[in-house]
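Quick notes on the structure that follows.
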2 protein chains.
Amino acid sequence: MATRRYEQRLRAQSAEQTRRRILDTVYDQLPKIPSVDAVARQAGVARSTVYLVFGSRAGLFDALLRDVSERGGFADLVLAVQDPDPLTHLRGAVVANTRIYGRQRDALVALRAEAASLEGALERMEQGRLGGLIHLANRLDEHGLLAVAKDVAVDVLWTLTGFEAFDALHTGRGLPVDDVAARLLVTAERTLLRVPPAEGARG
Amino acid sequence: MATRRYEQRLRAQSAEQTRRRILDTVYDQLPKIPSVDAVARQAGVARSTVYLVFGSRAGLFDALLRDVSERGGFADLVLAVQDPDPLTHLRGAVVANTRIYGRQRDALVALRAEAASLEGALERMEQGRLGGLIHLANRLDEHGLLAVAKDVAVDVLWTLTGFEAFDALHTGRGLPVDDVAARLLVTAERTLLRVPPAEGARG
DNA sequence: CTGATGAAAGACAAGCTGTCTCGCGAAATG
DNA sequence: CATTTCGCGAGACAGCTTGTCTTTCATCAG
């Protein structure tokens, strides 16, 4: 066998390029959920190459999920979470979260539709959000700001920061992204806080 | 051709029976979303019969949707809506709505997954809910009970009475149906009402 | 009896996923 | 330059699914 050592350079690079080209094609075909064949043809790639690179259709959408969560603007969310004032933290988290959904809407709808074959990968991703919400509820509680029990606060935040709530207002009611954020924020603040901010208050 | 007049009795009756047997089999296979073939086999019916009766796979799930909305306990919701007190109306509507989702959860998840082939039939069904919510918001407003603008109230109610909000708490957070109703009701009341009921208040 | 009808049975086309094999051409190595 | 090694195209094949159509049969109405 005497396997040679193999330092890849151009090979790995071009492999990465085809990988990206396939993923970009998936984005391009959204919101319609494409077949593997349709993706391969539009990407100018053999269908077997898609299976070679991603293993399966589920693997392809799993990669899409990772891509969405790596790219889609989580920096703002991280910034918001680090704010020393828990009220600004709440406001920033709801707004940043909503904007992420707004940018990634088509991909998230597709991923939700593929959820059955994704074996809980979506749910695992959501665990991160839950952890953040528990942290937020703890901070609000420590500052004596909560008007409801802490676990109730977590449940309410869970509902309001989910993609489903966003999409109910955005697609279901036709509201622009910033209006959706406003509605969700008002609901969170008035439900959770002992002393809700006045209407139209600006930070 | 001289087509005869045809009074169906036993024939139509047995046709209705096979129709019901097929629909019941669909319920039986939930929450897994069955293929037409799987339904036909378990119902003891030829696959072609399913197509004869329902026209297509989409037609089958369209019939399931109608069945769900005819059966699933809308009587309580109608009762709640007729209450003279708008606060009881709000409370009854949220609770009855949540209980319907609890009973029909598997079917509704399946229908949501089939939504793409249902051509907006789900959305059309939701129009009824929206109408009821607008009516509720109007009544609350007329009694001077609203703490937010009427259209905001509609949007908030729309989010909280949607199946997605229910499922986020029930499946996502593992809460029993009555706890879900309590969380949603607290959120609705504290967000919408000028003077929210005290915690633990009983009607 | 005779025509109409509910329903089974099954062939067929088309689209999808998934696996596997063959082979070319280009890059990496010595 | 010769030899590996790897990326990838091409395509066959199996299996599952939806959807259409034809043939056949038993039963019920008049």
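Convention: sequence-line order gives letters A, B, ...; per-chain numbering from 1. None of the values given here were measured: they were computed from a predicted structure. Side-chain atoms are counted along with the backbone in the values below, which use heavy atoms only and exclude waters and symmetry mates.
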| Spacing between A/Phe61 atom CZ and C/dT17 atom C1', to the nearest angstrom | 12 Å

| said: Under 4.0 Å from OP1 or OP2 of D/dC8: is there any side-chain N or O of A/Thr18 that close? | reply: yes

| Which of the following nucleotides, D/dC8, C/dA7, D/dG11, is nearest to the side chain of A/Leu52? | D/dC8

| query | B/Arg41 CZ to C/dA7 C1': how many Å, rounded? | reply | 18 Å

| field | Whole-Å gap separating C1' (C/dC12) and CG (B/Asp37) | value | 15 Å

| request: Give the ring-plane orientation class for B/Tyr101 versus B/Phe163, where under 30° counts as parallel, over 60° as perpendicular and anything between as tilted. | output: perpendicular

| task | Scan A/Asp28, A/Asp24, A/Thr25 and name whichever one has a side chain to side chain donor-acceptor pair (under 3.5 Å) with A/Gln42. | result | A/Asp28

| task | Would you mind telling me which of D/dC8, D/dT18, C/dT17 lies closest to the side-chain atoms of B/Arg57? | result | D/dT18

| For A/Leu60 and C/dG18, what is the distance between atoms CG and C1' respectively, to the nearest whole Å? | 14 Å

| Length of the line joining B/Ile33:CD1 and D/dT17:C1', which is rounded to integer Å | 14 Å

| In terms of side-chain heavy atoms, does A/Thr159 have a donor or acceptor partner in B/Arg183 at a distance below 3.5 Å? | no

| task | Among D/dT20, D/dG9, D/dC8, find the nucleotide with the atom closest to the side chain of A/Val45. | result | D/dG9

| Ring geometry between A/His89 and A/His135 (parallel below 30°, tilted from 30 to 60°, perpendicular above 60°) | tilted

| Touch check for A/Gly59, heavy atoms < 4.0 angstrom, all strands: base, sugar-phosphate only, or nothing? | nothing

| query | Between A/Gln13 (CD) and C/dA26 (P), how many Å, whole number? | reply | 17 Å

| message | Is it the case that over 12 heavy atoms from other parts of the model lie below 6.0 angstrom from the CZ atom of B/Arg66? | response | no

| Within the structure shown, what part of the strands sits under 4.0 Å from A/Ser48 by heavy-atom distance: base, sugar-phosphate, or nothing? | base

| With a 3.5 Å cut-off and just heavy-atom distances, do the side chain of B/Arg47 and the base of D/dG19 make a donor-acceptor pair? | yes

| request: Nearest whole angstrom, please: distance from the P of D/dC8 to the CZ of A/Arg20. | output: 14 Å

| remark: Side-chain atoms of B/Tyr51 come closest, of C/dA9, D/dG19, C/dT17, to D/dG19

| Nearest-Å distance for atom pair CZ/P, residues B/Phe54 and D/dT20 | 16 Å

